[in-house]
Amino acid sequence: MLRSIIRSSSLNSTSLFFRFCRQLPRSYLSRSSSTTAGVALRRLSSPAVTERRLFLHRGLRLLSAASGGLNGQFSRLSNRSVATQAAASYSGGIIGTSQDEAWKLGFEKMSEQFISECKSKAVLFKHKKTGCEVMSVSNDDENKVFGVVFRTPPKDSTGIPHILEHSVLCGSRKYPLKEPFVELLKGSLHTFLNAFTYPDRTCYPVASTNTKDFHNLIDVYLDAVFFPKCVDDIHTFQQEGWHYELNDPSEDISYKGVVFNEMKGVYSQPDNILGRITQQALCPENTYGVDSGGDPKDIPKLTFKEFKEFHRQYYHPSNARIWFYGDDDPIHRLRVLSEYLDMFDASPARDSSKVEPQKLFSGPRRIVEKYPAGGDGDLKKKHMVCLNWLLSDKPLDLQTQLALEFLDHLMLGTPASPLRKILLESGLGEALVNSGVEDELLQPQFSVGLKGVYDENVQKVEELIMNTLRKLADEGFDTDAVEASMNTIEFSLRENNTGSSPRGLSLMLQSVAKWIYDMDPFEPLKYEEPLKSLKARIAEEGSKAVFSPLIEKFILNNPHCVTIEMRPDPEKASQEEVEEKNILEKVKASMTEEDLAELARATEELRLKQETPDPPEALKCVPSLNLSDIPKETTYIPTEVGDINGVKVLRHDLFTNDILYAEVVFDMGAVNHELLSLLPLFCQSLLEMGTQDLTFVQLNQLIGRKTGGISVYPLTSSVWGRDDPCSKIIVRGKSMVGRAEDLFNLMNCVLQEVRFTDQQRFKQFVSQSRARMENRLRGSGQGIAAARMDAMLNVAGWMSEQMSGLSYLEFLHTLEQKVDQDWEGISSSLEEIRKSLLSRNGCIVNMTADGNSLTSTEKYVGKFLDLLPEKLSGGLVTWDSRLPLRNEAIVIPTQVNYVGKAGNIYDSGYELDGSSYVISKHIGNTWLWDRVRVSGGAYGGFCDFDSHSGVFSFLSYRDPNLLKTLDIYDGTGDFLRGLDVDEDTLTKAIIGTIGDIDSYQLPDAKGYSSLLRHLLNVTDEERQIRREEILSTSLKDFKEFAEAIDSVRDRGVAVAVASQEDIDAANKERSNFFDVKKAL
Ligand SMILES: [Zn+2]
């Protein structure tokens, strides 16, 4: 139940698969909201600090991955209660009189409860004919959520559930077009739209604030899951799953398929490989012993027949659980459902899909595996070691689960948590891997481990983990630490920070995590009572009496323990490629000439089908809104600009349920160029180094006890119409209004009193950051490529790349040596940065809360500002650096590539117009989706227009191709010129764009967006103009935009993050097109 607030888990990154990678091209740890002017705004934050925040929002990390990168985790807050003033008095719903109606519609009411934690009325129904269970949650939240979930335990690693998850959204009975899903992406106001596969279940959620739109989305999803075309059409299976591709009988055969390549990407990341091995090693005998996502080696074993049979068996109402949430009519929900469910009879699927528990081992096990590593660097230091326990042979009761999650937070949740701290301070490894309690599956598990370990230290790590756990069981936890964890957890529960993903979805996933195992779906929503009794127990018996027995029972005395050691293998990547090649050669050798001709014909047939657009009549069948349903006026955020003691203060009077959100902004304009790359570590040091009077542990606990958290990070962006970039350091904090004084005192303490004297801690920051950057290079190469291109094209991009791109990684390598040789120098550089940042001059304060609270906190802001130096010590510097323009290929050990190309279209004379948002979205959802993903086989293909700088960029994600993808980008201008867009398509594109701009925001996100607009000079008048331009976009705009896009083809730069083999091949084919750079 506290999943949403306690640390990240392996599940999210390793065994959860999304239909659609919605990562914004440059959303690598971006922090800003995507709605500055309807303009995607994305710049870096300090990764270190971001991670710290992330730990508090585990369940949500999974959501954020789906809904637009990791932007603004800190900003994704609201109260768990539906955050409107009316909420408390809400009393609508289905109870009483409408019960007869439910019965008439075919549903029996099983249970009904008022959930005070989310101020909702929840009713559990059973569909009488099929046994399908329905949770109908009613409240006044306008962000409505619908979801259907099937239990889909796989028996092998061919990836059936995952391929099916992709495939059912490729056309259905009522919506017989290629991809209704993409039509919804293009032209609906959805606030969430995706699908995901767990190890044992598949979820199909949608959300919208517009009721008509919501009903459209539900109908398309229901028709898709129950009546998909993919079970009659092998082409979808081939496209989304796998197929042999042969363009010409004289060429080699290759494997293609969206999921196939998606999983190759997953299997290229060491952390993911470890997560998968962990799950399989802990549960070798049940469904968790195989990979629901699909192992690229096994995917080609899957037959179309097995695929169809899996759908027939499990995608049945008797095996479904359906969720509704929000302010829509509860009877209408049942009416819609009955139309679908009544068409089925009961099936035994519910029994056959039961997940069997794994029996506990009688003794510990040990597994040693290899993972693909680059040939460079010190391979001896690249081992990973992780200890894992399956905690119980059955699901735990909620009390115990809550206590375990609390324990998890105490041991690992913050940099000050003892297990985390001791492991990182030991110097035995660079960073934690896959550590924490995982309780979203049938049986909970706990893992803790390190990566970047010397081979001779592997055993020492194991001993250190066991000894530390022993010590924690014997000695218990510090009272301050317990209090800090308690406050952090309570604060997060109160806030229920779901960021840009709907609250109703977060609740659904929590409920389903028990419901899916036939347990009570209401219970996970009710945290108040178990939390109260846990608190009472801690108060009465002391924390040791509560937590020590848990460590003893579930970890120290638990025989079901698996130790996993991963060794780096520089040969593995190429070995796997050779193996795949051999298999394909054998396949080819076994084919007759006729077979080969037939395969080439089938390849061509599939491609033709993929590239032929749906006829306009077919497209029309997907329901859509009209332009008249769209508000003409842009949305305004209440903003009052004033000042306190001569410093500019922005106030946003919004209902926040008694929480104050505050940002203090400092200008980077006086920071010495040479120190730029130190800034992220400077920010981390502020929060994690301690002061004269407080150790970092004490400071951290103080922040945990008194506030909802403080973070510090850099933000840079180009500003439209200006040469000099916006470059700031932002300090963000939140607390209960009654604790505002503490919040500002602590902000002051962090900024002014922290001492940069702890060499050993700084050394850890450096190696953790390096490990994180290396991970990002493998997992989000598109972000690295985008940053690189941006750095060639504008100053803000250059600054950002110095703090989060490949240049930053190179800087960290050098810095690692320097910490030992010249710590004095680094320490005084950190001090110098502080001196060139802190000043009342150029400082801006941004505050979000209700009016009275804003007024009552003013005096603390004033005091905080008085303590700042008035003037800077140095003068302003001009930022004007860029990386040299060149095509660049960055080599990493990978089975899939990330390919980018970008250019500044303002340089070609293009003038900003709102239609550019519509066009760029259209290019992404049609041309790139069809060519890069559908027929190219990449998991994702995007484009992005940064209207602040003028940079238009193309990017691909987990891409089997390289030059071919660049050719597709270069064809975009011709695609636009040849477009024949009818009224309907245009309307959809416009509505979809407005949907992005008007995306749902919780109060703190509104306040933050307003601050960003202020910093980037985006006025409400300008936003209104852009909105009108968007609404009046015409075909002519598309044609004109083609000219601008041609300039990217002709003068743009290309950057690819790719394998050595593919880069060599590309340079051979196009005489040294790329300058090659080795990175891992
Ligand atoms: Zn997928």
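A quick note: this is a predicted structure, and the numbers were derived from the prediction, not measured. All ligand and atom numbering here is 1-based and tracks the order in the structure.
Dense packing is recorded around NZ of K964, with more than 12 heavy atoms of other residues, nucleotides or ligands lying under 6.0 Å away.
Residue F18 counts as close to the Zn ion (ligand 1), with an N, O or S atom under 2.8 Å. Here E165 fails the criterion, with no N, O or S atom under 2.8 Å of the Zn ion (ligand 1).
Cation-pi check for R958 over Y939 is not met; the charged atom does not lie both under 6.0 angstrom from the ring centroid and within 45 degrees of its normal.
If you look at E262 and ask which of its N, O or S atoms sits nearest the Zn ion (ligand 1), the answer is OE1.
The closest side-chain donor-acceptor pair between S956 and T965, if any, does not fall under 3.5 angstrom.
Atom SG of residue C283 and atom CG of residue D200 lie 10.5 Å apart, to the nearest 0.5 angstrom.
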